[in-house]
**Student:** 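Just passing along the structure, written as structure tokens.
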Amino acid sequence: MTKLVSVVKARSFIERCMTAIGTDPKHSLAIANILIEADIRGHFTHGLYRLEMYMRDIESGVTQARGEPSLEKDFAATALVNGNNLPGVVVGNFCMDLAIKKAKEYGIGYVVCKGSTHFGIAAWYSAQALQHGMIGMSMSNTSPVVVPTRAAKPSIGTNPLSVAAPGREGDNFLLDMATSAVAFGKLRMCRVKGTEMPQGWGVDSKGLETVDPVEAMDRGGLFPLGGAEITGGYKGFGLAMMVDVFCGMLSGSTFGTNIKRWKGEEERVHNLGHCFIAVNPKVYADGFEDRMQASMDQYRNLEPAEGETAVLVAGDPEKEHMRKVSEDGGIYYHENVLKSMDKIADRLGVAYLLRQ
């Protein structure tokens with residue numbers, strides 16, 4: 001069972017809840033914007049559903065409610081930022097803005113940060129470069145919930161990465177992916193809905209495949225991208241380590257098995273590392289946007305396989321969901337998610353999401 005909620009009401013609810021627990025109002029707005037953008041794009045694992053997690057970290061003091069990121073090193077096209085344990089989106093916005101400014105001056109901006117927290121959907125940051133006609137990249141290390149190839153226990157993060165590249169007339173390539181089989185939040189959503197998860201998503205406490213989200217979350221973990229070794233899971237494991245090179249090792253943040261786990265370490269700061277890159281195509285061969293558009297059109301115009309209707313490029317499914325949200329006049333949320341929001345409203349004394 002789902003219910004329709006207007007985008008304005010959903011954003012306002014998040015903003016009011018975060019502010020009610022002492023978060024800087026402008027930081028509350030930043031959090032609300034990225035969570036709702038995730039839902040608009042159809043990534044419900046990183047949207048409203050995450051509010052409780054963000055609130056818990058603020059209320060426990062693990063994430064700082066007020067303050068600003070700071071520059072530790074600033075050299076030409078590069079910079080090292082300290083996020084000072086602020087909300088990841090606050091840190092990410094600061095870093096991506098800096099990368100874009102550097103790309104305007106030097107052709108490329110390459111910014112890494114330490115001392116950050118969960119930064120939401122990676123596409124939020126890479127897409128910011130599109131507004132300036134640039135290629136954007138973003139990536140982050142995360143808590144170890146993925147079981148590496150040939151291992152029995154979760155030891156590395158989902159370590160997402162995103163690349164955005166502009167085509168013509170607002171069209172663009174927008175890749176946003178975890179280096180695990182799926183985002184960890186998809187297991188959470190299966191658990192909330194009380195359903196099994198598809199095969200190929202996760203493993204049990206012995207490192208064997210399971211369709212039980214509770215087993216995978218509490219005692220096992222996620223497969224890396226590609227699944228088992230025979231189907232290329234070692235490639236996903238390699239990509240996850242690659243992200244950690246740029247986000248963890250390069251920034252001086254925690255990395256790999258040292259990163260805070262979701263359970264049992266509630267009071268320890270995250271100290272996550274992120275990497276943000278902006279590239280100005282104009283310093284390279286002329287006509288980048290035309291070639292980018294031609295490339296996307298080539299794939300979209302391929303003959304679909306039997307039973308399929310169209311070939312899609314990265315970002316197309318999200319565009320379709322955004323169109324649907326616009327047509328529906330809001331976002332459809334599962335009733336269990338809305339019930340959890342009512343509990344938050346009761347505790348904080350703020351207006352209910354569906355009774356504003």
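As the structure is a computational prediction, the values presented were derived from the model and not from experiment. Position 1 is the first residue of the sequence; numbering continues from there.
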**Student:** Can you establish whether the number of heavy atoms outside Glu303 located under 6.0 Å from its atom CD is more than 12?
**Tutor:**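 Open.
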
**Student:** How close do Gly136 and Met96 get, heavy atom to heavy atom, and via which atoms?
**Tutor:**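 Closest approach of Gly136 to Met96, heavy atoms only: CA-CE, 4.2 Å.
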
**Student:** With rounding to the nearest 0.5 Å, note down the distance linking CD in Glu335 to OG1 in Thr2.
**Tutor:**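 Those atoms lie 9.0 Å apart.
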
**Student:** Grouping I, L, V, M, F, W and Y whenever their side-chain heavy atoms are under 4.5 Å apart, do Met1 and Leu338 come out in a common cluster?
**Tutor:**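 Cluster IDs for Met1 and Leu338 differ.
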
**Student:** Just so I know, are the side chains of Glu37 and Arg11 near enough to count as touching, which here means a heavy-atom distance under 4.5 Å?
**Tutor:**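 Counting from C-beta outward, Glu37 and Arg11 never come under 4.5 Å.
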
**Student:** Do the side chains of Ile121 and Met137 join up, straight or via other hydrophobic residues, at under 4.5 Å, putting them in one cluster?
**Tutor:**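 Different clusters: Ile121 never reaches Met137 through Ile, Leu, Val, Met, Phe, Trp or Tyr contacts under 4.5 Å.
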
**Student:** Taking the basic N atoms (NZ, or NE/NH1/NH2) and the acidic carboxylate oxygens, is any pair closer than 4.0 Å for Arg300 and Asp297?
**Tutor:**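 Yes.
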
**Student:** Is the closest side-chain donor-acceptor distance between Lys193 and His334 under 3.5 Å?
**Tutor:**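 Checked: Lys193/His334 side chains show no N/O donor-acceptor pair below 3.5 Å.
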
**Student:** For a 4.5 angstrom cut-off between non-hydrogen side-chain atoms, does Phe288 reach Pro166?
**Tutor:**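 Answer yes - side chains close enough.
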
**Student:** For the residue pair Lys9 and Leu353, what are the closest heavy atoms and their distance?
**Tutor:**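 Shortest heavy-atom separation between Lys9 and Leu353 comes out as O-CD1, 3.6 Å.
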
**Student:** Under the side-chain contact (heavy atoms from CB on, under 4.5 Å) rule, what do Phe94 and Val111 come out as? Steps first, then yes or no, please.
**Tutor:** CA-CA 10 Å; Phe94 178 92; Val111 179; over 6 Å; no

**Student:** Using the rule that Ile, Leu, Val, Met, Phe, Trp and Tyr join whenever any side-chain heavy atoms are under 4.5 Å apart, tell me whether Ile277 and Leu80 fall into a single cluster.
**Tutor:**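 Yes, Ile277 and Leu80 fall within the same hydrophobic cluster.
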
**Student:** Could you tell me if the side chain of Met18 sits less than 4.5 Å from the side chain of Ile58, heavy atoms only?
**Tutor:**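 Counting from C-beta outward, Ile58 and Met18 do come under 4.5 Å.
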
**Student:** Where do Thr142 and Thr158 come nearest, in terms of heavy atoms and distance?
**Tutor:**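 Reported closest heavy-atom pair: OG1-N, 2.9 Å.
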
**Student:** Determine whether Val89 and Phe119 satisfy the following criterion, side-chain contact (heavy atoms from CB on, under 4.5 Å), listing intermediate values before the conclusion.
**Tutor:** CA-CA 5 Å; Val89 64; Phe119 79 167; 5.8 Å; no

**Student:** For a 4.5 angstrom cut-off between non-hydrogen side-chain atoms, does Met55 reach Leu348?
**Tutor:**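 Contact flag for Met55/Leu348 side chains = yes.
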
**Student:** Working to the nearest 0.5 Å, report the span between CZ of Arg323 and CG of Asp328.
**Tutor:**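 CG of Asp328 is found 9.0 Å from CZ of Arg323.
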
**Student:** Can Asp57 and His270 be said to form a side-chain contact (heavy atoms from CB on, under 4.5 Å), step by step?
**Tutor:** CA-CA 10 Å; Asp57 283 351; His270 294 278; 2.9 Å; yes

**Student:** Is there a path of hydrophobic side-chain contacts, each under 4.5 Å between heavy atoms, that joins Ile108 and Val283?
**Tutor:**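 As far as the 4.5 Å side-chain criterion goes, Val283 and Ile108 are connected within one cluster.
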
**Student:** Closer than 3.5 angstrom, by distance alone: can the side chain of Asp244 be matched with the main-chain N or O of Gly256 as a donor-acceptor pair?
**Tutor:**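 Checked: pair present.
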
**Student:** For Ser140 and Val243, run side-chain contact (heavy atoms from CB on, under 4.5 Å): C-alpha distance rounded to whole Å, both residues' side-chain angles, the deciding distance at 0.1 Å, then the answer.
**Tutor:** CA-CA 7 Å; Ser140 175; Val243 170; 5.8 Å; no

**Student:** Determine whether a donor-acceptor pair (N or O, by modelled atom type, separation under 3.5 Å) exists between the side chain of Thr117 and the backbone of Gly88.
**Tutor:**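 Checked: pair present.
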
**Student:** Return the CD1 to CD1 distance between Ile14 and Ile31, rounded to the nearest 0.5 Å.
**Tutor:**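 Between Ile14 CD1 and Ile31 CD1, I get 9.0 Å after rounding to 0.5 Å.
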
**Student:** What distance do Cys113 atom SG and Leu71 atom CG have between them, rounded to the nearest 0.5 Å?
**Tutor:**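 Cys113 atom SG to Leu71 atom CG measures 11.0 Å (nearest 0.5 Å).
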
**Student:** Just wondering, do Ile100 and Gln131 contact through their side chains at under 4.5 Å, heavy atoms?
**Tutor:**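 No, every pair of side-chain atoms sits at 4.5 Å or beyond.
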
**Student:** Could you check whether atom CZ of Phe184 has more than 12 heavy atoms from other residues, nucleotides or ligands sitting under 6.0 Å from it?
**Tutor:**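 It does: Phe184 CZ has more than 12 such atoms within range.
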
**Student:** Do the non-hydrogen side-chain atoms of Leu208 and Val203 ever get within less than 4.5 Å of each other?
**Tutor:**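 Leu208 vs Val203: side chains apart.
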
**Student:** Just how far is it from atom CG of Asn84 to atom CG of Leu86, taken to the nearest 0.5 Å?
**Tutor:**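 Interatomic distance, Asn84 CG to Leu86 CG, rounded to 0.5 Å: 6.0 Å.
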
**Student:** Angle between ring planes, Phe276 versus Tyr125, binned at 30° and 60°: parallel, tilted or perpendicular?
**Tutor:**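 Geometry flag for Tyr125 against Phe276: perpendicular rings.
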
**Student:** Is Asn172 reaching over with its side chain to a backbone N or O of Gly170, donor-acceptor style, under 3.5 angstrom?
**Tutor:**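 Yes, the answer is positive, given that a donor and an acceptor are paired below the 3.5 Å cut-off.
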
**Student:** Is it the case that more than 12 heavy atoms not belonging to Lys114 sit under 6.0 Å from its NZ atom?
**Tutor:**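 Yes, the 6.0 Å shell around NZ holds more than 12 heavy atoms from other groups.
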
**Student:** Tell me if a side-chain donor or acceptor on Glu15 pairs with a main-chain N or O of Pro25 at a distance below 3.5 Å.
**Tutor:**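 Side chain of Glu15 to backbone of Pro25: no pair is present.
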
**Student:** Side-chain contact, heavy-atom cut-off 4.5 Å: Asp171 with Lys319?
**Tutor:**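 The answer is yes; the side chains approach within 4.5 Å.
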
**Student:** Got more than 12 heavy atoms from elsewhere within 6.0 Å of CD, Glu68?
**Tutor:**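 Yes, because the 6.0 Å sphere around CD of Glu68 holds more than 12 heavy atoms from other groups.
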
**Student:** Same hydrophobic cluster for Val7 and Leu29, using side-chain heavy-atom links shorter than 4.5 Å among ILVMFWY?
**Tutor:**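 Result: no, two separate clusters.
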
**Student:** Taking all non-hydrogen atoms of both residues, which atom of Arg16 and which atom of Val350 are closest, and how far apart?
**Tutor:**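 Closest heavy-atom pair between Arg16 and Val350: NH1-CB, 3.7 Å.
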
**Student:** With no hydrogens and no angle check, is any side-chain donor or acceptor of Ser60 less than 3.5 Å from a backbone partner on Arg56?
**Tutor:**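 The answer is yes, because a donor-acceptor pair under 3.5 Å joins these two groups.
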
**Student:** Is it true that Arg41 and Asp176 make a salt bridge, defined as a side-chain N closer than 4.0 Å to a carboxylate O?
**Tutor:**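 Salt bridge: no.
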
**Student:** For Ala216 and Met197, which heavy atoms make the closest approach, and how far apart are they?
**Tutor:**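 Distance-wise, the nearest heavy atoms are CB-CE, 3.6 Å.
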
**Student:** Which pair of heavy atoms, one from Ser162 and one from Ala123, lies closest together, and at what distance?
**Tutor:**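 For Ser162 versus Ala123, the nearest heavy atoms are OG-CA, 3.4 Å.
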
**Student:** Hey, are Asp74 and Lys102 close enough for a salt bridge, meaning a charged N less than 4.0 Å from a carboxylate O?
**Tutor:**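 Yes, this pair counts.
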
**Student:** Give a yes or no on whether a salt bridge exists between Asp290 and Arg168, defined as a side-chain N under 4.0 angstrom from a carboxylate O.
**Tutor:**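 Yes, Asp290 and Arg168 are salt-bridged.
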
**Student:** Can you check whether Thr19's main-chain N or O pairs, donor with acceptor, with Ser28's side chain at less than 3.5 Å?
**Tutor:**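 Yes; at least one donor-acceptor contact below 3.5 Å.
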
**Student:** Less than 4.5 Å apart, side chain to side chain, heavy atoms only: is that true for Cys275 and Val112?
**Tutor:**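 With C-beta onward as the side chain, the pair touches.
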
**Student:** What's the spacing between Lys153 NZ and Arg219 CZ if we round to 0.5 Å?
**Tutor:**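 Atom-to-atom, Lys153:NZ and Arg219:CZ are 10.0 Å apart.
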
**Student:** Please output the side-chain donor-acceptor pairs of residues 220-233 that fall under 3.5 Å, not counting sequence neighbours, one pair per line with the distance.
**Tutor:**
unit_1 : atom_1 : unit_2 : atom_2 : d
Glu229 : OE1    : Arg150 : NE     : 2.9
Glu229 : OE2    : Arg150 : NE     : 3.1
Glu229 : OE2    : Arg150 : NH2    : 2.8
Thr231 : OG1    : Gly226 : O      : 2.4
Thr231 : OG1    : Ala228 : N      : 3.3
Thr231 : OG1    : Ala228 : O      : 3.1

**Student:** Any donor-acceptor pair under 3.5 Å linking the side chain of Ser295 with the backbone of Met292?
**Tutor:**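 Such a contact is absent between Ser295 side chain and Met292 backbone.
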
**Student:** Could you list the donor-acceptor pairs under 3.5 angstrom formed by side chains in residues 43-54, with sequence neighbours left out?
**Tutor:**
unit_1 : atom_1 : unit_2 : atom_2 : d
His43  : NE2    : Glu318 : OE2    : 3.0
Arg50  : NE     : Thr45  : O      : 2.8
Tyr54  : OH     : His118 : ND1    : 2.8

**Student:** So for atom CG, which belongs to Asp346, do other residues, nucleotides or ligands contribute more than 12 heavy atoms lying within a distance under 6.0 Å?
**Tutor:**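 Yes.
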
**Student:** Mark yes or no for whether Asp24, through its side chain, and Ala65, through its backbone, hold a donor-acceptor pair below 3.5 Å.
**Tutor:**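 Not a single qualifying donor-acceptor pair exists.
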
